[in-house]
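Here the structure comes first, spelled out in structure tokens, and everything after it is commentary.
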2 protein chains.
Amino acid sequence: MDHPDQQEKSYHHGDLRRAILDAAERRLTENGFDAVTIRACARDAGVSPAAPIHHFGSLKGLLSALAARGFEQLVARLDADLATRTESGPSLLVGAYVAFAVSSPRMFDLMWREDVLDPDGGDLSCARRVALERLQAHVKPTQASGDERIRAIRAWSLAHGLATLLQHGRMQKALGAPGSALSTTQDFATLAYDDGFSSF
Amino acid sequence: MDHPDQQEKSYHHGDLRRAILDAAERRLTENGFDAVTIRACARDAGVSPAAPIHHFGSLKGLLSALAARGFEQLVARLDADLATRTESGPSLLVGAYVAFAVSSPRMFDLMWREDVLDPDGGDLSCARRVALERLQAHVKPTQASGDERIRAIRAWSLAHGLATLLQHGRMQKALGAPGSALSTTQDFATLAYDDGFSSF
DNA sequence: TCCACTATCTAAACATTGTTTAATTTACGC
DNA sequence: GCGTAAATTAAACAATGTTTAGATAGTGGA
């Protein structure tokens, strides 16, 4: 253990900020967005409700810090997925992007719910910028003409839209039977690799 | 006026369900998602908090009915936009879809926030089905081979992703200066029409 | 016409939430 | 060691969603 229960004594927790973020992340992934609440996270950490507020300012602040974690995880995922391949380009990006969204649906959701996040500033703004630059970096190398921006927009839009619609389970109807050939995550990732996508 | 203040008397309001939905929609578009609460809508309609609950069951029910309105508006918008053109196909669909999302950002947002909506059933489920069938209807005619599903998925994903990212204002960074040639709604709609999209 | 019946709405309460305030406890620099 | 700043608590506040019991009104049948 890196930072065990310490003694779970001592008026000062020692690493309360991380402990509360951990609780928030656990609640998000296990019980959904509604379960991540200032008071609940405080209870999980064995602390009073005012303590999280002192560290994050408000619920928006806590959620923003949590979303920042999400962007960091996305970058890690992209790097890991793309490291296993020698070639590069938007189709790989789409696959990895969608894979992250499907494997961490609630986190992915939070990351784009800007109404509950603090308007830019702090960790979130930084983490998001890093992630977006990484995304663009994976798209740009394949440009052939001057309209690389258009291709980048299309690739990102396709990835984001596919991820979102998949997550909301709105694709089955368009795809037919749930057991069809295009129902697994892997298949959807493959979808982006296959024919036609090279037109980007 | 169709249903004016009536007399704003009479224990029974007469059309309270619609009045509350109107208040909710006004609050959503003018003051954002957080402003649409049971109590606030009840106040707007001059009624007690329990009255909306009687009509919608819960806040989720009210939001679901509101989202249903959104899907109806989307269908109306698609029909109106596409009626002005003789040809058909996914690129037109993308333009109209994105146009709706940009012109009604908060409504569009609500329509996809399924965590705050009632799981399928009732008006929402119906309105959503109608909208999705209409979307598919606009995509299918252009199919050439057997992979029409893939093309439909791509078109819809592109439209949805583009709409979402635009709405969150995450495109400017990818596009460069805000005043650039690709910064207006019309330009984005055009983006979908232009070259490359025919590959769908 | 009158009377049950049902739908509609109110009033008051409850539990829960985010947030603030004042006070208390600890750590840390000098 | 001491004083200052940070971390944390306890108690309160306002606002919310929801429930309960009851009041009111429209409606359909004898």
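Values below: every heavy atom of this structure, side chains too, minus hydrogens, waters and symmetry copies. This structure is a prediction, so every number in the text was calculated from the model and none was measured.
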Exercise for the section: I would like to know whether B:Arg134 and B:Asp79 meet salt bridge (Lys or Arg N to Asp or Glu O under 4.0 Å); could you show each step before the answer? Expected result: CA-CA 9 Å; B:Arg134 195 71 57 101; B:Asp79 288 349; 2.5 Å; yes
Problem - Atom pair distance, as rounded to whole Å: CG in B:Leu16 and C1' in D:dT24 - result: 15 Å
Exercise for the section: Could you tell me whether a side-chain N or O of A:Ser104 sits under 3.5 Å from a main-chain N or O of A:Ala101, the two making a donor and an acceptor? Expected result: no
Problem - Pairwise side-chain contact, A:Leu117 with A:Leu110, heavy-atom cut-off 4.5 Å (strictly under) - result: yes
Handout entry: Nucleic acid contacts - residues 35-44 of chain B versus DNA chain C, non-hydrogen atoms under 4.0 Å
Key = B:Arg39
Exercise for the section: Find out if a path of hydrophobic residues (ILVMFWY) with successive side-chain heavy-atom gaps under 4.5 Å connects B:Val47 to B:Ile53. Expected result: yes
Practice task
Nearest whole angstrom, please: distance from the P of C:dT19 to the CG of B:Asp34.
Solution key: 11 Å
Fill in the blank from the handout: Here the pair of heavy atoms bringing B:Leu16 nearest to B:Ala45 is CD1-CB, 4.0 Å
Completion exercise
Applied to residues 23-37 of chain A, the side-chain hydrogen bond (donor to acceptor under 3.5 Å, both in side chains) test, sequence neighbours excluded, yields A:Glu25-A:Arg69, A:Glu25-A:Gln73, A:Arg27-A:Asp44
Problem - Heavy-atom check, side chain of B:Phe56 versus side chain of B:Ile20, under 4.5 Å - result: yes
Handout entry: Aromatic ring pairing A:Phe108/A:Tyr97, orientation class (parallel under 30°, perpendicular over 60°, tilted between)
Key = perpendicular
Exercise for the section: Would you jot down, in residue-number order, the residues of residues 53-68 of chain A having a non-hydrogen atom under 4.0 Å from DNA chain C? Expected result: A:Ile53, A:Ser58, A:Leu59
